[in-house]
Amino acid sequence: NVWRKLWSRSGHLAVEWLTGPLDVFHFSDWMYPPQRGGLRTTTVHDLGPFHHPEWVDERTRALHVPKAHHAAKTCDVLFANSRYTADDVERTLGVPGEKIVVAHPGIHPRFRPDGPAAEGDYVLAVGGGPRKNLSGAKEAARIAGVELRVVGAEGSLGFVDDDRLAELYRGASAFVFPSLFEGFGIPVVEAMACGTPTVVSSHPSLDEASGDAAVRVDPESPADIAFG
């Protein structure tokens, strides 16, 4: 949105024009207007557009890269959704570690083992875009001879609401998440909270979401995913 971009980058018309005086201002990924006073904070979910610009479109790069640089220069506190992302912010953006706070995301209580479950014998995947590596999941399903159901824009099920997603997690014989890069990996935690066995990429960005509970596999190897 051109107005959000102009407001964020102009340096004029502080946010207090709308809010009045404030103690803390936490801005989003999509706009970062100036402020006159109070602590300035934001959350960094990942730095994917820095490391793999080929995975995102030009609009996403144009929004997220300047926002991250701006946050590094102006924020009193930066929240990161994992220790992996916090270390990445410190290393890539040069933010001192003492200004970064790790705040792992939580999940809704709807993601639990008891409750309605989808029918069928299938493996579930969630997401879309190059970094989610759905091609690897699909090839792994072919090798293993199992039905793969995919939630998301590129998936067989399309987008579903969260109640239906919980049903799909519970009904799946396994959940597969062979992502090539993440900030945290919330679908992994949702699936495990529903009691579903999870097969997850061995990329270190998924260590915190997986803990010791997931089967870890080489995301670049469909055979490794299939036999995980």
Side-chain angles (χ1 to χ4, degrees), residues 1-53 55-109 111 127 129 131-132 162 177 179-190 192-193 200-201 203-211:
N1 181 293
V2 65
W3 297 111
R4 291 186 301 196
K5 185 182 294 186
L6 286 173
W7 192 17
S8 296
R9 297 185 184 182
S10 70
H12 302 294
L13 198 59
V15 71
E16 286 91 342
W17 175 71
L18 289 175
T19 66
L22 44 76
D23 296 318
V24 179
F25 177 51
H26 185 280
F27 59 86
S28 73
D29 280 347
W30 302 105
M31 63 188 303
Y32 41 97
Q35 67 190 95
R36 287 194 296 266
L39 288 176
R40 187 169 180 82
T41 74
T42 192
T43 298
V44 179
H45 298 282
D46 67 70
L47 295 181
F50 283 80
H51 303 305
H52 298 282
W55 289 348
V56 297
D57 59 33
E58 180 57 37
R59 177 174 178 268
T60 299
R61 289 195 298 272
L63 284 169
H64 286 265
V65 172
K67 179 259 184 174
H69 282 303
H70 175 88
K73 293 177 181 177
T74 68
C75 281
D76 301 292
V77 178
L78 279 172
F79 293 96
N81 60 352
S82 66
R83 171 47 53 191
Y84 179 90
T85 297
D87 291 343
D88 198 9
V89 167
E90 184 174 1
R91 181 174 57 251
T92 303
L93 298 178
V95 178
E98 59 269 21
K99 293 179 65 173
I100 306 171
V101 176
V102 175
H104 293 120
I107 58 171
H108 194 279
F111 297 107
R131 75 176 184 178
K132 300 300 183 184
D162 284 348
F177 198 70
S179 178
L180 302 173
F181 181 89
E182 289 294 318
F184 177 72
I186 196 68
V188 173
V189 182
E190 291 175 344
M192 291 194 293
V200 181
S201 164
H203 191 276
S205 62
L206 285 152
D207 288 352
E208 290 158 87
S210 300

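Treat the numbers as computed from the prediction; the structure is a model and nothing was measured.
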What are the two closest non-hydrogen atoms of [X] and [Y], and how far apart are they?
X: Gly183; Y: Asn81; answer: O-OD1, 3.5 Å
X: Tyr32; Y: Arg40; answer: O-NH2, 3.3 Å
X: Ile100; Y: Ala80; answer: CG2-CB, 4.2 Å
X: Ser179; Y: Ser201; answer: O-OG, 2.7 Å
X: Ala14; Y: Gln35; answer: CB-CA, 4.0 Å
X: Ala72; Y: Leu78; answer: CA-CD1, 4.4 Å

Would you call [X] and [Y] a side-chain contact if the rule is heavy atoms closer than 4.5 Å?
X: Leu47; Y: Val89; value: yes
X: His64; Y: Phe50; value: no
X: Val15; Y: Leu22; value: yes

Quiz item: Would Phe79 and His26 count as a side-chain contact (heavy atoms from CB on, under 4.5 Å) if you check the C-alpha gap in whole Å, the side-chain angles of each, and the deciding distance to 0.1 Å?
Solution: CA-CA 10 Å; Phe79 293 96; His26 185 280; 4.1 Å; yes
Quiz item: So Glu182 and Leu206, side-chain contact (heavy atoms from CB on, under 4.5 Å) or not? Walk me through it.
Solution: CA-CA 7 Å; Glu182 289 294 318; Leu206 285 152; 3.8 Å; yes
[X] side chain to [Y] backbone, donor-acceptor under 3.5 Å:
X: Glu190; Y: Phe111; result: no
X: Lys67; Y: Met31; result: no
X: Arg61; Y: Val56; result: yes
X: Glu208; Y: Tyr84; result: yes

Quiz item: Could Asp87 and Arg91 be called an ion pair, given the rule that one side-chain N must be under 4.0 Å from one carboxylate O?
Solution: no
Quiz prompt | N-O pairing of Asp46 and Arg131 below 4.0 Å | solution = yes
Self-check item: Passing candidate, side chain to side chain contact (heavy atoms under 4.5 Å, CB included) with Thr41, options Val24, Val101, Asp76
Solution: Val24
State the [atom1]-[atom2] distance between [X] and [Y], to the nearest 0.5 angstrom.
X: Asp88; Y: Arg83; atom1: CG; atom2: CZ; answer: 11.5 Å
X: Ile186; Y: Ser82; atom1: CD1; atom2: OG; answer: 11.0 Å
X: Thr92; Y: His69; atom1: OG1; atom2: NE2; answer: 9.5 Å

Exercise. Could you tell me how the ring of His52 sits relative to the ring of Trp55: parallel (under 30°), tilted (30 to 60°) or perpendicular (over 60°)?
Key: parallel
Exercise. Could you go through the side-chain contact (heavy atoms from CB on, under 4.5 Å) check for Thr42 and His70 one step at a time?
Key: CA-CA 10 Å; Thr42 192; His70 175 88; over 6 Å; no
Quiz item: Between Val95 and Glu90, does a side-chain contact (heavy atoms from CB on, under 4.5 Å) hold up when you go through it step by step?
Solution: CA-CA 5 Å; Val95 178; Glu90 184 174 1; 5.5 Å; no
Quiz item: Going by atom types alone, do Asp57 and Thr60 pair a side-chain donor with an acceptor below 3.5 Å?
Solution: yes
Self-check item: His45 and Phe184 aromatic centres sub-6.0 Å
Solution: no
